[in-house]
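Notes for the one structure printed next.
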Protein chains: 2
Amino acid sequence: MIYSSELIKGTLKTIILKLLKDNKRMYGYEITQRVKELTHDRIQLTEGALYPSLHALEADGILTTETEYIGKRVRKYYSLSPKGKNVSKEKISEFADFMNTMKFLLDIKTDIA
Amino acid sequence: MIYSSELIKGTLKTIILKLLKDNKRMYGYEITQRVKELTHDRIQLTEGALYPSLHALEADGILTTETEYIGKRVRKYYSLSPKGKNVSKEKISEFADFMNTMKFLLDIKTDIA
DNA sequence: CAAATATACATTAGATTCTTATGTATTGGA
DNA sequence: TCCAATACATAAGAATCTAATGTATATTTG
């Protein structure tokens with residue numbers, strides 16, 4: 001099963017921040033592969049969504065970058081800035097809270113009316 | 001805590017379909033109030049998001065409507081069509097599956113690298 | 001009883017974020 | 001040698017939401 005795209009909306013930044021929290025530094029392509037692998041192909045990040053998102057997080061001072069060359073091919077590593085570490089924690093716990101709310105909302109039987 | 005808007009994106013239709021699955025029929029304003037109440041004000045649906053979404057679901061044959069007058073004030077009740085009942089089940093189980101995936105993705109320690 | 005609040009529908013401009021497509025270039029394997 | 005994988009990036013258009021606005025009735029409160 002590949003989730004309908006609308007479901008994933010709004011979760012991309014949280015996913016990025018979580019991976020960078022656990023891995024210190026990662027590059028874009030690596031993130032797509034890691035997510036694909038961890039979710040058994042259920043979530044496949046597209047480049048058109050990922051790169052603009054990474055650029056936005058960098059512009060907000062949440063991520064910092066280092067560019068390295070692997071042979072002649074460029075690779076851009078992203079890391080959490082100090083600010084980013086806080087934002088990361090906040091985003092993840094906000095999402096955890098949101099999931100609890102949604103779990104409750106979707107499990108309950110509200111046959112009151 | 002009120003969730004950042006991006007988190008809620010993409011969950012609106014699932015919420016609507018779940019409420020209508022449990023309640024047979026509801027009207028727009030009622031849906032906003034019920035969600036607000038059930039989530040202790042954490043999720044507050046806006047009319048600008050809700051009504052277009054209801055109209056779209058109706059246009060897709062997922063919801064049917066009945067209009068009633070309460071005094072002089074109009075009230076538009078929405079119900080799941082037979083097709084809507086299937087879509088409802090699918091959406092909810094897809095979301096449940098998605099939540100499991102996200103839970104795994106956000107809880108794990110991936111300090112492999 | 002007047003005014004404020006709540007109920008109840010709806011639309012729209014603009015913002016955000018995603019999809020899909022396209023572009024460039026290097027590297028590795030069949 | 002050619003195809004797939006690696007690795008970056010952008011851009012047009014679609015989808016969906018926010019915030020504002022509009023209309024009207026009903027109820028509560030000072």
Side-chain angles (χ1 to χ4, degrees), chain A residues 2-17 19 25-37 41-60 62-63 65-78 91 95 98 113, chain B residues 2-17 19 25-37 41-60 62-63 65-78 91 95 98 113:
Chain A
I2 295 178
Y3 304 120
S4 65
S5 64
E6 50 178 27
L7 264 193
I8 304 176
K9 294 201 181 198
T11 63
L12 177 54
K13 283 185 183 173
T14 306
I15 292 172
I16 293 170
L17 293 175
L19 287 182
R25 67 175 208 168
M26 292 182 86
Y27 54 99
Y29 186 76
E30 187 184 14
I31 293 174
T32 65
Q33 297 308 301
R34 187 69 60 86
V35 169
K36 197 180 164 196
E37 176 193 316
D41 294 7
R42 287 190 185 84
I43 297 180
Q44 303 196 14
L45 305 184
T46 60
E47 295 161 304
L50 179 65
Y51 289 115
S53 205
L54 286 171
H55 299 163
L57 288 167
E58 187 186 3
D60 288 344
I62 292 169
L63 301 184
T65 60
E66 308 164 83
T67 298
E68 287 184 16
Y69 279 87
I70 308 298
K72 285 181 184 174
R73 193 153 57 192
V74 78
R75 188 181 281 178
K76 201 166 163 187
Y77 281 99
Y78 290 87
K91 278 276 184 189
F95 193 84
F98 174 68
Chain B
I2 295 177
Y3 305 120
S4 64
S5 62
E6 51 177 28
L7 264 192
I8 304 175
K9 293 202 182 197
T11 63
L12 178 53
K13 283 186 183 172
T14 306
I15 293 173
I16 293 171
L17 293 174
L19 287 181
R25 65 175 208 168
M26 293 181 86
Y27 54 98
Y29 186 75
E30 189 184 12
I31 292 174
T32 65
Q33 297 308 302
R34 187 68 60 86
V35 170
K36 197 182 164 192
E37 177 193 314
D41 294 7
R42 287 192 185 80
I43 297 180
Q44 303 195 15
L45 305 184
T46 60
E47 296 160 304
L50 179 66
Y51 289 116
S53 205
L54 287 171
H55 299 162
L57 289 167
E58 188 187 2
D60 288 344
I62 292 168
L63 301 183
T65 60
E66 309 163 81
T67 298
E68 285 184 19
Y69 279 87
I70 308 298
K72 286 182 183 173
R73 192 155 55 193
V74 79
R75 189 181 282 178
K76 201 165 163 188
Y77 281 99
Y78 290 87
K91 277 275 184 187
F95 193 85
F98 174 67

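Just so we're on the same page: letters track the sequence lines, and every chain starts at 1.
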Worksheet item: What nucleotide, of dC9(C), dT6(D), dC18(C), holds the atom closest to the side chain of Lys9(A)?
Response: dC18(C)
Practice prompt. Check the distance between dA8(C)'s P and Glu68(B)'s CD and give it to me in whole angstrom.
Written response: 12 Å
Fill in: Closest listed nucleotide, where the reference is the side chain of Lys72(B) and the choices are dA26(D), dA10(C), dC8(D)
dA26(D)
Worksheet entry | Length of the NE2-P vector between His55(B) and dA15(D), whole Å | 18 Å
Worksheet item: What's the spacing between Ile8(A) CD1 and Phe98(B) CZ if we round to 0.5 Å?
Response: 6.0 Å
Worksheet entry | Flag side-chain contact, heavy atom, 4.5 Å: Ile31(A) against Ile15(A) | no
Worksheet item: The side chain of Glu47(A) lies closest to which of these nucleotides: dT11(C), dC8(D), dT16(C)?
Response: dC8(D)
Worksheet item: Which part of the nucleic acid, if any, lies within contact of Gly48(A), taking any heavy atom under 4.0 Å across all strands shown: a base, the sugar-phosphate backbone alone, or nothing?
Response: base
Worksheet entry | Contact check, side chains of Tyr69(B) and Arg75(B), non-hydrogen atoms, under 4.5 Å | no
Response to the item:
Ranking Gln44(A) and Ile70(B) by the position along DNA chain C of their nearest nucleotide, the one closer to 5' is Ile70(B)
Fill in: Test item: Met26(B) and Tyr77(B) side chains (from C-beta on) under 4.5 Å apart, heavy atoms
no
Discussion item. Rounding to an integer number of Å, can you tell me how far Lys36(B) NZ sits from dA6(C) C1'?
Written reply: 10 Å
Practice prompt. Measure from the side-chain heavy atoms of Val74(B) and tell me the nearest of dT11(C), dC8(D), dC9(C).
Written response: dC9(C)
Worksheet item: In whole angstrom, what separates Tyr29(B)'s OH from dT27(D)'s P?
Response: 13 Å
Response to the item:
Thr46(B) has its side chain closest, among dT18(D), dA10(C), dA7(D), to dT18(D)
Worksheet item: Between Glu68(A) and Arg25(A), is a salt bridge (Lys or Arg N to Asp or Glu O under 4.0 Å) present by the stated rule, with each step listed?
Response: CA-CA 12 Å; Glu68(A) 287 184 16; Arg25(A) 67 175 208 168; 2.9 Å; yes
Worksheet item: Among the nucleotides dT18(D), dC8(D), dC9(C), which one has an atom lying closest to any side-chain atom of Ala49(B)?
Response: dT18(D)
Response to the item:
Rounded to whole Å, CG of Leu12(A) lies from C1' of dC18(C) at a distance of 9 Å
Item to complete: Figure out the CG/P separation between Leu50(A) and dC18(C), and round it to whole Å.
Response: 10 Å
Worksheet item: Is Tyr51(B) near enough to dC9(C) that one of its side-chain N or O atoms lies under 4.0 angstrom from OP1 or OP2?
Response: yes
Worksheet item: Between dA9(D), dC9(C), dT27(C), which nucleotide has the shortest distance from any of its atoms to the side chain of Arg73(A)?
Response: dT27(C)
Fill in: Distance in angstrom units between Lys13(A) NZ and dC18(C) C1', rounded
12 Å
Worksheet item: Roughly how many Å is it from CG in Leu45(A) to C1' in dC8(D), rounded to a whole number?
Response: 16 Å
